[in-house]
S.K.: 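Here's a structure for you.
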Amino acid sequence: MKKTLLSVCLLCLSAVATAQPADGFGGVQQQVKLETSQEWKDINYVGDGQTYHNCDIYLPKQKKDNYPVVIHIYGSAWFNNNGKGQADLGTIVKSLLDAGYAVVCPNHRSSIDAQWPAQINDIRAVIRFVRGEAKTYKFDPSFIATSGFSSGGHLASIAATTSGMKTATVGTVTLDLEGNLGKYTNQSSTVNAACDWSGPVDLTAMDCGEHITMGADSPEDVLLKSKITKEPDKYLSLSATQYVSPNTPPIIIFHGDKDGVVPNCQGKKFYELLKAAGVKTVATFPTEGNHGGPEMYTPENLKKMVCFLNCVREGGECNKDCCQKQEPRQRIIEDGGTGDYKAVMKEDASLSREHTIFVPQDLSKFDAQNSLPILVWGNGACANSPWEHMNFLNEIASHGFIVLATGEIPMVDEWYKGPMSRADQQIESINWIFAQNDNPKSPYYQKIDTKHVCMAGMSCGGLQTLSNCSDPRITSIMICNSGLFKQSTLHQAVGGMPMPEKSKLKDIHCPIIYILGGPTDIAYENGMDDFHLINHVPACVANFPVGHGGTYREPHGGEFTIPALAWLNWQLKGDKEAAKMFIGKKPQLLQRKDWTFEANKLFKKLK
């Protein structure tokens, strides 16, 4: 049925005013009493007292120390600045709460209040608020997803496809995506996943299928205060599809075939673009689905949403039936390595799939007297998979270590394409293995040396390591092809990287080694500067002239494995022979071709 823009807007405003079921841009709203353990209403996430910057917070009925978070955004064609009370509470929000997710329902500025990109600035501020107030509201900041219906689906989707981007230039248009709202501007606005319910994601193609007639001005015209024929780049800049890349976090899409407001070709195009970019995605296109309503919010679809989010949290494939339990995977690399203990790369059912374990295959050889020291690893490019480093890490494990690497297990020899990892994953690894060592039912019970922990990482993973360096459980640090950025090298940083100040080096409380790729390594200047600034703990730096990529992908990790393994054997096992690689009148490392080595004064006191 054809409608004009005016009638649709009046219908949306009527739904807001009466809180009764209504169709249109806001969808069908079902009013229910949510079962929660705590609720907060009208919390201002910016601190400016404006209603359009308020949010409601709901915690699940089951009490826990903290909860993963979904930020769910109402639909209104961007016309409503106070719709959080109608944000699919009886359907999407209820299902998320029942599944154990904290839900934040925010207001945002309408198209009448401000032009684009004010609306995404508001959502970014909500995400930062969730991280900044995690302790206050029992949020688990390691998992934050966005979700939304209609225009809310648009904002949820673009928060995901631009995740990690501060600004964007689209043709003649440059956008400040981040904004500077609220007091938590130092927090990240990245997200781990998104749920798109009937969202307009390509604002250059709103006529791609059957749809309502908008009259002289469409909602996007009002939002941009323009016309697509006049300024097409503005409409591209408003489109979530414009920013899809291999770094886009996982997205699930629901879009009805009979959607007469936002044609479902929008969702189908989005799905194909995400698949082509290698993004984890699932899409459901109900044949009788309208713009919201019971055909969309079926128990089956709501379950799919929850299973998808759970799958993302657990690091699963998320490309098939996410509700079907996936068995832990494992893989033997390079015949298990050259050490005395043939290793395996594997997952564990008790650990999120955002982690990969490298460990000797036969654990019967280890006990409390002969236990496995711990190496915790962060990947280059902040990749959420150790694909680039698996030969290197597997080789280390074969010499009697347990290695806990950030990210999903690489089951195929292909470059990782997906969202970036988090520094928190390294801490999660330590927490998990410590708990396993204390659990009589675990295969690792009393087989782990929790008194000897090395945290390490390459490139962006090295920055994650330095972000975590104050953890008192860490007894050694290894930074590979990395270092904290200097003011003169900030332009080299990639969006989404942790960016500690140089003052963070003062938090280091244990011996540290830098293994760099020589002057052609893009991280050389940063790493050498770190080394020269560290004078309160033993520190050394080794350089091999191979550039930033190191030798990790070479058989058994190549030349970089030599000092890395010697460092771990010395620092974690007390191996005096391994120490000779670095100490004495002529360290063995200097006897190897092309290596250089420096150490500070405190290092010379190490034994």
S.K.: From Arg128 CZ over to Thr185 OG1, what is the distance, rounded to the nearest 0.5 angstrom?
M.R.: 6.5 Å

S.K.: Provide the closest heavy-atom pair for Pro386 versus Asn379 in the form atom of the first, atom of the second, distance.
M.R.: CA-OD1, 3.2 Å

S.K.: Suppose we screen for ring pair (Phe, Tyr, Trp, His ring centres under 6.0 Å). Which residues come up paired with His53, at least two apart in sequence or across chains?
M.R.: Tyr45

S.K.: Taking Tyr235 for its side chain and Lys227 for its backbone only, find out whether a donor-acceptor pair lies under 3.5 Å.
M.R.: yes

S.K.: Which pair of heavy atoms, one from Ala194 and one from Ala156, lies closest together, and at what distance?
M.R.: CB-O, 3.7 Å

S.K.: For the backbone of Asn247 and the side chain of Ser245, can you confirm whether one donor and one acceptor N or O come within less than 3.5 Å of each other?
M.R.: yes

S.K.: Salt bridge between Glu300 and Lys303, side-chain N to carboxylate O under 4.0 Å?
M.R.: no

S.K.: So, Gln115 side chain and Leu224 main chain: donor-acceptor pair closer than 3.5 Å or not?
M.R.: yes

S.K.: Less than 4.0 angstrom from a charged side-chain N to a carboxylate O is my criterion; do Glu295 and Lys258 meet it?
M.R.: no

S.K.: Keeping Gln266 on the side-chain end and Pro200 on the backbone end, is there a donor-acceptor pair under 3.5 Å?
M.R.: no

S.K.: Which residues pass the side-chain hydrogen bond (donor to acceptor under 3.5 Å, both in side chains) test with Thr248, not counting sequence neighbours?
M.R.: none

S.K.: Taking the six-membered ring for Trp, are Trp415 and Trp387 parallel (under 30°), tilted (30 to 60°) or perpendicular (over 60°)?
M.R.: tilted

S.K.: Given 3.5 Å as the limit, does a donor-acceptor pair link the side chain of Thr281 with the main chain of Lys275, or not?
M.R.: no

S.K.: So, Thr174 versus Thr169: side-chain donor-acceptor pair below 3.5 Å or not?
M.R.: yes

S.K.: Do side-chain atoms of Asp196 reach the backbone of His154 as a donor and acceptor pair under 3.5 angstrom?
M.R.: no

S.K.: Report yes if some heavy atom in the side chain of Arg422 is under 4.5 Å from a heavy atom in the side chain of Asn192; otherwise report no.
M.R.: yes

S.K.: On a heavy-atom basis, which atom in Trp116 and which in Ser237 lie closest, and how many Å separate them?
M.R.: NE1-O, 3.6 Å

S.K.: Angle class for the Phe149/His291 ring planes (parallel below 30°, perpendicular above 60°, tilted otherwise)?
M.R.: tilted

S.K.: Measuring from Glu220:CD to Ser239:OG, what's the distance to the nearest 0.5 Å?
M.R.: 9.0 Å

S.K.: Examine the side chains of Asn107 and Asn82 and answer whether a donor and an acceptor come within less than 3.5 Å of each other.
M.R.: yes

S.K.: Using modelled atom types and a 3.5 Å cut-off, is there a donor and acceptor pairing between side-chain atoms of Asn121 and backbone atoms of Leu177?
M.R.: yes

S.K.: Would Glu408 and Tyr416 count as having a side-chain donor-acceptor pair, cut-off 3.5 Å?
M.R.: no

S.K.: I'd like to know if the side chain of Ser110 pairs up with that of Asp113 as donor and acceptor (distance under 3.5 Å, no hydrogens or angles considered).
M.R.: yes

S.K.: Less than 4.0 angstrom from a charged side-chain N to a carboxylate O is my criterion; do Arg553 and Glu388 meet it?
M.R.: no

S.K.: Got a sec, which residues hit side-chain hydrogen bond (donor to acceptor under 3.5 Å, both in side chains) with Asp257, two or more places apart in sequence or on another chain?
M.R.: Asn264

S.K.: Are the side chain of Thr161 and the backbone of Val244 linked by a donor-acceptor contact shorter than 3.5 Å?
M.R.: no

S.K.: Over 60° means perpendicular and under 30° means parallel, so tell me whether Trp197 and Phe254 are parallel, tilted or perpendicular.
M.R.: parallel

S.K.: What's the shortest heavy-atom distance between Ile228 and Asp221, and which atoms?
M.R.: N-OD1, 4.5 Å

S.K.: Take Cys105 and Cys55 through the disulfide (SG to SG under 2.5 Å) test and state the conclusion after the steps.
M.R.: CA-CA 5 Å; Cys105 295; Cys55 68; over 6 Å; no

S.K.: Could you tell me whether Asp176 and Arg124 make a salt bridge, using a distance below 4.0 angstrom between a side-chain N and a carboxylate O?
M.R.: no

S.K.: Would you say Val222 and Trp78 make side-chain contact, with heavy atoms under 4.5 Å?
M.R.: no

S.K.: List the atom of Gln425, the atom of His355, and the distance in Å for their closest heavy-atom pair.
M.R.: O-CE1, 3.0 Å

S.K.: Distance-only, no hydrogens or angles: does the Tyr297 side chain make a donor-acceptor pair with backbone N or O of Asp88 under 3.5 Å?
M.R.: no

S.K.: Carefully, step by step, assess Gln464 and Ser421 under the rule side chain to side chain donor-acceptor pair (under 3.5 Å).
M.R.: CA-CA 9 Å; Gln464 292 176 333; Ser421 60; 3.1 Å; yes

